[in-house]
Amino acid sequence: MKISKICCIGAGYVGGPTMAVIAKKNPNIQVTIVDINAERIAAWNDEDVSKLPIYEPGLAEIVAETRGKNLFFSTEINKAIDESEMIFISVNTPTKTYGKGKGMAADLKYVELCARNIADVAKTDKIVVEKSTLPVRTAQAIKSILHNTGSDVKFDILSNPEFLAEGTAIQDLLNPDRVLIGGESEEAIEALANIYGSWVPQDQILRTNVWSSELSKLTANAFLAQRISSINAISELCERTEADVSEVARAIGMDSRIGSKFLNASIGFGGSCFQKDILNLVYIARSYGLNEVADYWEQVIILNDHQKRRFSDNLISTLYNTVSGKKIAMLGWAFKKDTNDTRESAAIYVADHLLNEQANIAVYDPKVPSQKVYSDLDYLQTRSEEENKDLVETFDNPYDAVKDAHAIAIMTEWDEFKTYDWKKIFGLMKKPAFIFDGRNILNKDEMTEIGFEYSSIGK
Ligand code: NAD
Ligand code: UGA
């Protein structure tokens, strides 16, 4: 089946970059990304591509090249569904905040709404592609909604999970380790494989059954997050034994069975997916009565929470057991470098803990806007919005943020932090001047030489 028109429901961190790359590599296919959020769509359509709603290296250039030619952003969801032969569902699937499975299961209401929308509007046969990360067996629910419309429209459902990481999304999409397509209908699978085939070698396009595909996505994130919790667990042991976690990571990473990637000890992983997807995996395992399996994976989250807490506890105890009234400058708020995304960023939880101890927090992040810092803290509902406003100040210049600070906490591994004038920063701070390097990006000897009291993770 030849596809000429694609629609993607959800213009977020996945829908936007993924469809931009599909459009770039398939100039003959018209790609329309739709969203209920009119403000987000307007930002995607902004003439000035530096104002796109998502910051990703390389994204603005691709949008500038394709937008208006074969890539379109719109709020006309029904029209786009009606006109397309293939529809990607790329909406958010957050952890449920209410009812059964609260705090654990994925909230599938947005996905279900999409399925119902497609069922209502479709007059011709459609291939529906699950791009969102979904619990294993979700395709069954989508199928049931689509197949009970009473019309004779035929729907094929495919699972095509996305493995891109934020900050490197465009590179990941252009050179994926693999593309995964799960489905029943060979014709539908090949239609999607052909689209990726414009730039991905066929032997890197895996075809599986739907359930393996859905479960592989949760499993991949669980394994990745597990590596971080594993090295973070060792980092605490290193701090007690005078071992150095970077040396340990290097030594074990050279074993080709272990591999060297994803072994950076940190303040704990953040981002919209690792925690959500593991909680979901734990919930699914428990719902099948597999308690040992559930407990095993839950420990990855428990350790991650411990790592965030340990970082702020250590900061407080080093500052003579009180941070009350002291200025703590946080460099970085995003959950990793090269993104403006702050979802589940460790910085939010460390700040919240320090605010409970009455610290004054100064935040500088190269890409995160001021209002996002406040809305992230307000969302926790730990204190009133007024109190957050009083205790937290944001800066658009790092040197202003660190002025008169008692300590600096490095929360994100932005490259620019390494090239700052650290002598000047030392001069601006209160003494003793402390640095808590939550990302191990600065050189201890250089910092100590300047006069800082420097500590990092796992050293
Ligand atoms: P996001 O919140 O950035 O974007 C989702 C978009 O869907 C929002 O703009 C929202 O307004 C829109 N939406 C919700 N319901 C809608 C509806 N009924 N009709 C139209 N639009 C609707 O989310 P995201 O980060 O792009 O994640 C989307 C999915 O992809 C999630 O399941 C996530 O787990 C998965 N995923 C995310 C990443 C990542 O790096 N962010 C990577 C791989 C997979
Ligand atoms: C992650 C996965 O890497 C993607 O493959 C997946 O598609 C995506 O989740 C998803 O499903 O959403 P992402 O969360 O964007 O991507 O970014 P990562 O690079 O995985 O980083 C996640 C967190 O782990 C960040 O806070 C990062 O700083 C931290 N991290 C990463 C470490 O602390 N140490 C490491 O060695 C690597």
Side-chain angles (χ1 to χ4, degrees), residues 7-19 33-41 43-44 53-54 56 73-78 80-81 88-95 106-118 130-135 138 160-169 172-173 176-177 217-218 220-225 227-232 235 245 249 253 260-278 280 304 307-308 332 334-339 341-347 411-414 438-440 457:
C7 150
C8 173
I9 309 180
Y13 283 85
V14 168
T18 311
M19 292 302 130
I33 312 181
V34 291
D35 204 295
I36 36 173
N37 184 338
E39 212 181 305
R40 210 168 204 186
I41 290 295
W44 279 112
I54 285 164
E56 270 296 336
F73 297 90
S74 165
T75 49
E76 290 186 88
I77 301 176
N78 291 355
I81 293 174
F88 287 77
I89 299 181
S90 188
V91 299
N92 36 329
T93 49
T95 306
D107 191 343
L108 297 182
K109 73 176 168 201
Y110 307 106
V111 172
E112 184 174 336
L113 278 170
C114 290
R116 290 189 186 280
N117 206 344
I118 297 168
E130 298 177 346
K131 184 52 109 178
S132 297
T133 302
L134 297 168
T138 305
N160 172 225
E162 184 48 61
F163 296 101
L164 67 79
E166 289 176 30
T168 53
D172 295 343
L173 287 163
D177 287 339
K217 174 62 195 174
L218 293 183
N221 274 358
F223 270 60
L224 289 168
R227 269 175 88 86
I228 304 170
S229 279
S230 297
I231 199 70
N232 281 344
S235 76
V245 76
S260 59
K261 291 180 182 164
F262 244 69
L263 285 177
N264 293 324
S266 68
I267 35 171
F269 58 77
S272 62
C273 292
F274 278 172
Q275 171 160 313
K276 153 179 94 67
D277 292 347
I278 294 179
N280 191 3
N304 196 50
Q307 189 76 352
K308 290 183 262 186
F335 81 97
K336 63 182 286 196
K337 72 172 181 179
D338 292 337
T339 179
D341 194 349
T342 65
R343 288 177 288 181
E344 292 298 329
S345 178
M411 310 309 290
T412 312
E413 72 283 21
W414 286 103
R439 297 294 191 159
N440 292 356
I457 306 280

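For reference, positions follow the sequence shown, starting with 1. Note that ligands are numbered from 1 as they come in the structure, with each ligand's atoms numbered from 1 the same way.
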Test salt bridge (Lys or Arg N to Asp or Glu O under 4.0 Å) applied to Glu162 and Lys131, step by step: CA-CA 6 Å; Glu162 184 48 61; Lys131 184 52 109 178; 2.9 Å; yes
Heavy-atom contact check, 4.0 Å cutoff: does Glu344 meet ligand 2? no
Measuring from the heavy atoms of Ser266, does anything fall under 4.0 Å of ligand 2?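 Distance cut 4.0 Å: Ser266 passes for ligand 2.
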Just which atoms of ligand 1 are under 4.0 Å from any heavy atom in [X]?
X: Glu166; value: 39 (C), 40 (O), 41 (N)
X: Asn37; value: 11 (O)
X: Arg343; value: 1 (P), 2 (O), 3 (O), 23 (O), 25 (O), 41 (N)
X: Ser90; value: 5 (C), 28 (C)
X: Lys217; value: 43 (C)
X: Ile9; value: 19 (N), 20 (C), 21 (N)
X: Tyr13; value: 3 (O), 24 (P), 25 (O), 26 (O), 41 (N)
X: Ile77; value: 19 (N), 20 (C)

Heavy-atom pairs closer than 4.0 Å: do any link ligand 1 to the side chain of Cys273, the backbone, both, or neither? side chain
Is [X] in polar range of ligand 2, meaning some N or O pair under 3.5 Å apart?
X: Phe269; answer: no
X: Ser272; answer: no
X: Gly268; answer: no
X: Phe163; answer: yes
X: Lys217; answer: yes
X: Asn264; answer: yes
X: Ile228; answer: no
X: Thr133; answer: no

Tested for salt bridge (Lys or Arg N to Asp or Glu O under 4.0 Å) against Glu413, the lone hit among Arg439, Lys336, Lys337 is Arg439
Closest to atom 28 (C) of ligand 1 among Val91, Ile33, Leu113, Ile54 (heavy-atom distance):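 The option holding the nearest heavy atom is Val91.
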Quick one: which of Asn221, Leu134, Val34, Asp35 has a heavy atom closest to atom 6 (C) of ligand 1? Asp35
Does Asp107 reach the side chain of Thr93, with side-chain heavy atoms less than 4.5 Å apart?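 A side-chain contact is absent here, since even the closest heavy-atom pair is not under 4.5 Å.
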So which protein heavy atom does atom 18 (N) of ligand 1 come closest to, and at what separation?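 Nearest protein contact, heavy atoms only, for atom 18 (N) of ligand 1 is Cys114 SG, 3.9 Å.
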Among Ile33, Asp35, Val34, find the one that has a side-chain contact (heavy atoms from CB on, under 4.5 Å) with Phe73. Ile33
Go through the steps to decide whether Arg343 and Glu166 satisfy the test salt bridge (Lys or Arg N to Asp or Glu O under 4.0 Å), and finish with yes or no. CA-CA 11 Å; Arg343 288 177 288 181; Glu166 289 176 30; 3.6 Å; yes
